Amino acid sequence: MRRLFSLARTRLGIFVHDLAMIPVAWFGAYWLRFNLESFPETFWRQALLLLPVVMLVQGGMFWYFGLYRGVWRFASIPDLLRILKASVLGVLIVAVAIFLLTRLEGVPRSVFALDGILLVLLLGGPRLAYRWTKDRHLFKGDGKRALIVGAGNSGEMLVRDMLRDTASPYRPAGFVDDNPRKIGTEIHGLPVAGACDEISEVVQRLGVDLIVIALPTATTKQLRHIIELCEATGLPFRTLPRLQDLVSGQASVKELRDVSIEDLLGREPVQLDWNSITRGLKGKAVMVTGGGGSIGAELCRQIALLKPSRLVVFERSEHNLFLIDLELRRDFPELKLVSELGDVCDTVAVERAFSSHRPDIVFHTAAYKHVPLLESQTRAAVVNNVFGTRNVARRAAQYGCATFVLISTDKAVNPTNVMGATKRVAEILCQHVQGSTKTRFVTVRFGNVLGSSGSVIPLFREQIARGGPVTVTHPAITRYFMTIPEACQLILQASVIAQGGEIFVLDMGEPIKISYLAEQLVRLSGKRVGEDIEIVYTGLRPGEKLHEELFHGEERFADTVHPKILLAHARPVDASIFQETITMLERTCDRHDESEIHDVMTRLVPELRAGNTGGAQTGNETQVYPWKGTTRGA
C-alpha cells in the first residue's frame, strides 16, 4: 500500500490521475447538461466515440503547459493558472476538432463549457487538498506549541514553513501583533490573539511552550521591548535574524536562532557609498597592520571583496596571521595576498614591507589596547602605540603612500590611562606629519566593538560558563559599542572621503550600561540574575573611566557627507615643542625608566596627569556627548 501511495506521487502517477479525470469531466459534463439524469443513447454513443479525441487533445495540453513540473506538496497559484490555461485551450481545440468531424451533431454546445469547469475542479482540487492536508499537519506528530510575535510577511512565511515541514520541532499556536486590524483575524487558520504587550496573557490562554520573534525589520529599541516581554513569561524564546542577515532571504524554521547580545545592541544597517569606496580601493595595493586582530582581520575581509591589486597583511602574531591567511586564501582564491610576519616597531621589517609592496593605502590597526594591563607597562605601550605608529607613518610618507589611516579610540579623549594617552599621542603624530608630505594622514576614532578579543562580552560569557560570578567594575559604568563589521565599513568610508589631517569620529549611538550587558547575557544564557549567576561589582580598575567620550571639549565637531561619520576639528599643537618632547620620550624609553616615561607623557597629554578620575563623577568636569551637544554634570 505504501509503495502504491509513493507511486501515486510521482510524475507518472500524477499524469495517470489527470488522464483519468478527462473522461470523468467529459461524461460529467453530459450528465450536468441533462440535469443529472440519464441522457439519450445516441448522445452516449457519440460521447464515447469522441472520447479518444478529447483524451489525446487535453492530455497533450496538460503536458505542454507543464502540469507535471510542479509538486503537489507545494501546489500554489501558478499551478492553478497552468491548469486553467491547459483546460481552456484544450476545450477550445476539442470543440474545433469535433466541429470539423461531426458538425456538432449529437454534441450539445454547453458540454464544452461544463467540461472545462469540471476539468479545472478535478485537476486543481486534489492538488490543493493534498497541500492543505500537509500544511495542517494531518500526518505530523506533536511539537512545541509556538507563539509567533509578528503577523507580517515573515511571520506568515515562518508558520507556513512550520506547517509544511513534517520534521519541524514546532507547532504554531497563534500570533501576536501590534496592528489593530490584524487582531482577531486568522492566518493559516491560526488566531492573531492580541497585541505584543499581551504576550504574557496570550501564552497562558493558548498553552504556549515557546515564543518565536518574527520581526527581522524591527529596530533595536523595539526588539529590546519585545525581549523584555518574552523574559517576563519565563518561557524560552528564539528569533529570526535581522533582514540583512537572513541567509536564505526567506523566513524559515532553519533560520531560527537564539537571541544574541548583538541583537540588543545592534543599530540600524549602515548605508554606505559603496561606489566611492570601490573606486577608492579597487585595483590599489592595500596594507593592513595588525591584520590578524579583530578589527584588522575584518578590514582584510571587506577590502578583499573590493578587489585590490594586492593586500598586504602585516601581523606579528604567527597564529593570528596563519588564521587570516588561511581564511582569505580559501574565500578569495583570486586575491593577490601577501602575509608578512613582522612587528611595527621593527624598522627593518617595516622598511622591507613598504619597499617590496609599495602600498597605496595603509590601515594602521596594530596597537596594544588593554587599559589595566598597560597602566604598569608604560614603556611597552609607548614603544608599540607611539613609535610603532611613527615607524609605519614615516615609511608610508617615504614610499609615496596616498592615504594613511590611523585607527584610534574613544579612550584618546581626555585620557586618564596610559593606553588612551599613547593613542592620543599617535593622533597628534599623524597631524604633525600631515602637510609635510603628499600622503594624506587620517585618524578614525570609535569606541568598543562587540566581541573583539579581550573585550567585556567574551569575558562575561566565559564567567557565565564557569557558573559566575560576573564581575562588573561599577554599577553606573557605560561604554559605546558597535559591531566589528559596522566599524570596519565606516573606516573604509572615512578613508575615501578624507582630504588629509582629519580626525573622523564614528557615530556610536547611545552609551550602554555594562551592568545591562551583564544582566542580559545571564538571561540569554538561560540563567537567572542573582539566583543562578551573581553579578559582583569590583570597583574601577587603574586608569579606567566611568564614562568614555568621543570628542574633547575643545574639539568642535561638524557633519560630513556621511551621517554616521563626524569630523572633530583638531586642537592646535606646537610642532617644535611636540618634536622636542617626542625626542625626549624616545630617550627615556631607551633608559627604560617607567616613572620618567610617564612624566614625559603627561607633557604631551596633560589630561593623563589627573590619573583615574572615575570618568568625571565630581560634578565639576564636562562630559561631551556629541549627539546631544555638550552638557555639564549635575
Side-chain angles (χ1 to χ4, degrees), residues 219-225 227-228 260-268 270 295 369-372 407-417 419-420 423-424 444-452 454-460 470-484 486-487 490 503-521 535 537-541 543-553 555 557 563-566 568 607 612-634:
T219 64
T220 300
K221 184 177 180 180
Q222 291 170 333
L223 190 58
R224 284 182 191 171
H225 178 61
I227 288 172
E228 287 174 3
S260 68
I261 196 67
E262 287 79 8
D263 294 318
L264 298 176
L265 301 183
R267 286 109 59 77
E268 297 305 302
V270 180
I295 294 293
K369 62 180 183 179
H370 295 287
V371 170
I407 309 305
S408 190
T409 169
D410 56 359
K411 293 173 179 59
V413 180
N414 289 322
T416 57
N417 53 65
M419 183 270 187
K423 294 300 286 185
R424 174 59 190 148
V444 179
R445 187 192 290 166
F446 55 92
N448 297 274
V449 289
L450 293 171
S452 64
S455 67
V456 68
I457 291 177
L459 174 62
F460 284 170
V470 174
T471 55
V472 180
T473 56
H474 193 286
I477 192 169
T478 63
R479 289 293 181 266
Y480 291 100
F481 285 96
M482 67 167 46
T483 65
I484 295 175
E486 181 182 11
L490 288 171
I503 296 179
F504 289 119
V505 182
L506 306 188
D507 177 356
M508 299 294 297
E510 296 295 328
I512 303 294
K513 270 193 172 185
I514 301 301
S515 59
Y516 171 81
L517 283 184
E519 291 169 4
Q520 288 301 324
L521 281 168
I535 294 179
Y537 295 98
T538 59
L540 291 175
R541 298 172 296 179
E544 191 170 45
K545 282 181 173 183
L546 200 57
H547 306 292
E548 296 289 3
E549 304 156 278
L550 293 170
F551 286 83
H552 189 275
E555 289 177 338
F557 60 90
K564 289 202 173 185
I565 301 176
L566 297 180
E607 299 95 328
N612 185 1
T613 66
Q617 286 305 287
T618 65
N620 298 319
E621 295 84 358
T622 297
Q623 292 183 344
V624 182
Y625 295 93
W627 332 125
K628 300 179 180 178
T630 302
T631 58
R632 187 168 295 279

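Just so we're clear, the structure is a prediction, and the values are computed from it rather than from any experiment. FYI, the numbering just counts along the sequence from 1.
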Q: Could you please spell out the steps behind the side chain to side chain contact (heavy atoms under 4.5 Å, CB included) verdict for K369 and M419?
A: CA-CA 6 Å; K369 62 180 183 179; M419 183 270 187; 3.8 Å; yes
Q. Under a 4.5 Å cut-off applied to non-hydrogen side-chain atoms, are F460 and Q520 in contact?
A.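 Side-chain contact under 4.5 Å: no.
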**Q.** R445 side chain near V413 side chain, heavy-atom distance below 4.5 Å
**A.**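 SC-SC contact between R445 and V413 confirmed.
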If I take atom [atom1] from residue [X] and atom [atom2] from residue [Y], how far apart are they, to the nearest 0.5 angstrom?
| X | Y | atom1 | atom2 | answer |
| --- | --- | --- | --- | --- |
| I535 | I514 | CD1 | CD1 | 11.5 Å |
| H547 | D410 | NE2 | CG | 13.0 Å |
| K411 | T416 | NZ | OG1 | 10.0 Å |
| L517 | L459 | CG | CG | 11.5 Å |
| T478 | I512 | OG1 | CD1 | 9.0 Å |

Q: Under the side-chain hydrogen bond (donor to acceptor under 3.5 Å, both in side chains) rule, collect the residues that match up with Q222, sequence neighbours excluded.
A: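 Q222 satisfies side-chain hydrogen bond (donor to acceptor under 3.5 Å, both in side chains) with T219 once adjacent residues are dropped.
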Taking all non-hydrogen atoms of both residues into account, name the closest pair between [X] and [Y] and its distance.
| X | Y | value |
| --- | --- | --- |
| L546 | A476 | CD1-C, 4.1 Å |
| A568 | V505 | CB-CG2, 4.1 Å |
| I565 | F504 | CG2-CD2, 3.6 Å |
| V472 | A518 | CG2-CB, 3.9 Å |
| K423 | I407 | NZ-O, 2.9 Å |

Q: Mind checking side-chain contact (heavy atoms from CB on, under 4.5 Å) for S515 and listing every partner two or more places apart, or none if nothing turns up?
A: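 Testing S515 for side-chain contact (heavy atoms from CB on, under 4.5 Å), a comparison that skips the adjacent residues, returns K513, Y537.
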(Q) Main chain of E486, side chain of T483: is a donor-acceptor contact present, judged purely on distance under 3.5 Å? (A)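 Such a contact is found between T483 side chain and E486 backbone.
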